[in-house]
2 protein chains.
Amino acid sequence: MANRFIQKLQGFADLTEEAVAALTAATHRPQDFKPRQDLIREGDRPGPVFVVLEGWAIRYKALPSGSRQIMAFLMPGDACDLNIGMLAEMDHSIQTVSPSKIVKIAGETMNGLMMTHPSVARAMYVAQLVDEGTLRAWIVSLGRRGSAERVAHLLLELYVRGVRIGIAHDDEVELPLSQVVLADALGMTPVHINRVLQELRQSGAIELQRGLLRILDAAKLTRISGFDDNYLHRKLRAYRSSNI
Amino acid sequence: MANRFIQKLQGFADLTEEAVAALTAATHRPQDFKPRQDLIREGDRPGPVFVVLEGWAIRYKALPSGSRQIMAFLMPGDACDLNIGMLAEMDHSIQTVSPSKIVKIAGETMNGLMMTHPSVARAMYVAQLVDEGTLRAWIVSLGRRGSAERVAHLLLELYVRGVRIGIAHDDEVELPLSQVVLADALGMTPVHINRVLQELRQSGAIELQRGLLRILDAAKLTRISGFDDNYLHRKLRAYRSSNI
DNA sequence: CGTTACATTGAGGTTTCTCAAGCTGAGTGG
DNA sequence: CCACTCAGCTTGAGAAACCTCAATGTAACG
């Protein structure tokens with residue numbers, strides 16, 4: 001059975017059998033990582049492409065003050081930028097947040113794969129575009145949304161992504177993120193996150209404990225988040241109808 | 001003489017003569033735009049690639065509440081994502097902020113250019129990577145920096161970009177951005193921006209009036225901004241040593 | 001059964017926002 | 001050449017959101 005990375009790419013483009021075989025070969029021996037391990041750090045020379053097969057990782061930037069800002073969550077199936085190798089240095093770090101299985105694909109291998117199998121290249125580009133869209137949404141959240149909106153929006157985003165990659169069941173998704181991690185992602189303090197989560201729980205919109213998020217009232221959560229009603233739907237449509 | 005777009009690409013990769021000629025042909029007839037004109041809007045089907053030859057534009061997202069968040073400034077020479085056309089809909093809008101000369105390059109034309117001239121493709125990819133880095137820096141600012149830091153950081157970023165594309169003279173750069181625009185970019189209110197700018201002026205770090213920014217004390221501004229001392233330098237190095 | 005990481009609570013302080021008014025300078029029609 | 005207008009900038013005061021510090025609670029784990 002194809003791994004999550006391949007499954008995800010198949011959602012973005014029709015992969016030939018050979019492409020799938022090549023991808024399988026390139027990702028067949030993942031490496032285990034414990035939580036809080038840096039895969040690569042700001043300032044490092046970019047090396048291989050990382051592909052998360054199981055577990056969660058984050059992209060983050062550490063600040064001189066000691067705090068950090070998380071810029072993206074990498075869920076099973078996600079890869080870090082394929083062509084980051086073009087730059088001389090990493091401008092951010094990547095770290096696991098939960099026990100993970102991760103594959104390193106050498107830059108040349110990846111390039112070769114994309115050259116030989118245009119469908120792979122296409123799928124990777126679409127994946128990157130989607131990531132960029134998420135990055136832009138992140139900016140909007142940080143800049144123009146209140147704390148409750150922000151939290152609700154992130155939870156929804158993660159839930160939607162969980163559904164898409166099949167790690168969500170009904171209204172539940174595993175979310176191995178501490179409140180500190182959420183705070184670093186949302187640009188707020190852990191204390192404040194905590195209070196916001198309580199509000200959300202008391203409003204009956206969600207349940208969240210021990211790494212398990214349950215959406216109790218999706219409509220309410222959507223309303224709180226200021227999720228443009230069409231956003232979710234539009235987003236899904238956008239993915240599917242990519243036809244280049 | 002090559003236009004700013006071509007100049008910028010030349011900074012990212014060695015373009016062949018034919019490539020320059022093809023780019024020149026593709027960008028030789030720009031169109032004039034007044035300020036505050038949308039080039040393309042959220043929800044639209046992506047069409048041509050836009051290239052800003054003169055003037056400034058912004059990427060932004062409008063929120064239901066009526067406010068908006070700016071996610072990027074497009075300065076002369078900048079192009080919007082080359083492969084945005086792969087997605088079904090724009091997830092953000094692009095608008096001019098000052099009188100501008102802008103070229104539209106049809107998607108197929110652009111693709112053809114990149115196929116025929118690999119050096120163009122390479123330069124465009126590097127440009128995109130750089131943009132992504134800027135996007136990530138934006139997130140850090142919004143999430144983890146105080147207002148003075150944020151403003152200082154943006155001004156420095158814009159100044160550095162101005163220097164790179166040659167629209168800065170000594171310590172001055174034209175900045176046709178109202179305080180409202182700055183507020184929309186930095187996730188704060190115009191009122192607060194105003195007060196922060198006054199602080200920066202009174203500290204002797206900058207002068208800013210009638211669309212002209214002057215850096216009076218770069219060291220001080222850098223300190224205020226929390227600009228990682230190496231960041232600027234590293235960034236420049238990263239651009240230059242891109243050698244793939 | 002202590003240790004440890006994470007979550008929760010309270011109180012007070014700061015930053016930033018909101019609202020509302022006044023100011024300035026460039027352009028415009030008389 | 002003078003009102004007049006309008007967009008953008010500035011100022012003040014009170015309110016709200018969010019942070020800081022510091023303590024306490026709680027579940028998992030060796």
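On a predicted model such as this, the values are computed, not experimentally measured, just so you know. Chain letters run A, B, ... following the sequence lines, proteins first, then strands; residues in each count from 1.
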What integer distance in Å separates [X]:[atom1] from [N]:[atom2]?
X      : N      : atom1 : atom2 : result
B/H192 : C/dC17 : NE2   : P     : 6 Å
A/L213 : C/dA7  : CG    : P     : 14 Å
B/R201 : D/dT10 : CZ    : C1'   : 10 Å
B/E149 : D/dC19 : CD    : C1'   : 15 Å
A/M188 : C/dT15 : CE    : P     : 19 Å
B/L197 : D/dC9  : CG    : P     : 9 Å
A/E199 : D/dA17 : CD    : P     : 9 Å

If you measure from the Lys or Arg side-chain nitrogens to the Asp or Glu carboxylate oxygens, is any gap between A/E132 and A/R136 under 4.0 Å?
yes
Between A/R4 and A/D78, is there a side-chain N and carboxylate O pair less than 4.0 Å apart?
no
Apply side chain to side chain donor-acceptor pair (under 3.5 Å) to A/Q69 and A/R59, showing your working.
CA-CA 9 Å; A/Q69 176 65 41; A/R59 265 182 228 288; over 6 Å; no
Can you find a heavy atom in the side chain of [X] that is under 4.5 Å from one in the side chain of [Y]?
X      : Y      : answer
B/R144 : A/R68  : no
A/T222 : A/D217 : no
A/L156 : A/L154 : no
A/W138 : A/F73  : yes
A/S147 : A/V196 : yes
B/M188 : B/V151 : yes
B/L158 : B/M75  : yes

What are the atom names and distances for every N/O pair under 3.5 Å that joins the protein to nucleotides 10-12 of chain C?
unit_1	atom_1	unit_2	atom_2	d
C/dG10	N7	A/R195	NH1	3.2
C/dG10	O6	A/R195	NH2	3.4
C/dA11	N6	A/R195	NH2	3.0

Which of residues 171-185 of chain A have a heavy atom under 4.0 Å from DNA chain D?
none
For B/R144, answer base if it contacts any base atom (sugar-phosphate contacts may also be present), sugar-phosphate if it contacts only those atoms, and nothing otherwise; contact means non-hydrogen atoms under 4.0 Å.
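B/R144: no heavy atom of the nucleic acid under 4.0 Å.
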Check every strand shown and say whether A/G211 touches a base, only sugar-phosphate, or nothing at a heavy-atom separation below 4.0 Å.
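No contact.
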Starting at the 5' end of DNA chain C, which residue's closest nucleotide do you reach first, B/T189 or A/R36?
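Here A/R36 is the residue nearer the 5' end.
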Selection residues 165-182 of chain A - residue pairs positive for side-chain hydrogen bond (donor to acceptor under 3.5 Å, both in side chains), sequence neighbours left out:
A/E172-A/R214, A/Q179-A/N194
Only pairs at least two apart or in different chains count here, so list each side-chain hydrogen bond (donor to acceptor under 3.5 Å, both in side chains) that has a residue in residues 96-105 of chain B.
B/D32-B/K101
Is it the case that A/S93 and A/D38 place a side-chain donor and acceptor less than 3.5 Å from each other?
no
Using a cut-off of 4.0 Å between protein heavy atoms and nucleotide atoms, how would you tag nucleotides 25-30 of chain D 5' to 3' with B, S and -?
---S--
Based on the rotation axes of five pairs at each end, what angle does the helix from C/dC1-D/dG30 to C/dG30-D/dC1 bend through, to 10°?
30°
Can you tell me if the side-chain N/O atoms of A/N194 get under 4.0 Å from OP1 or OP2 in C/dA7?
no
Quick one: is D/dT11 close enough that its OP1 or OP2 comes under 4.0 Å of any side-chain N or O from B/Q198?
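Yes.
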Just wondering, more than 12 heavy atoms not from A/R41 lying within 6.0 Å of its CZ?
no
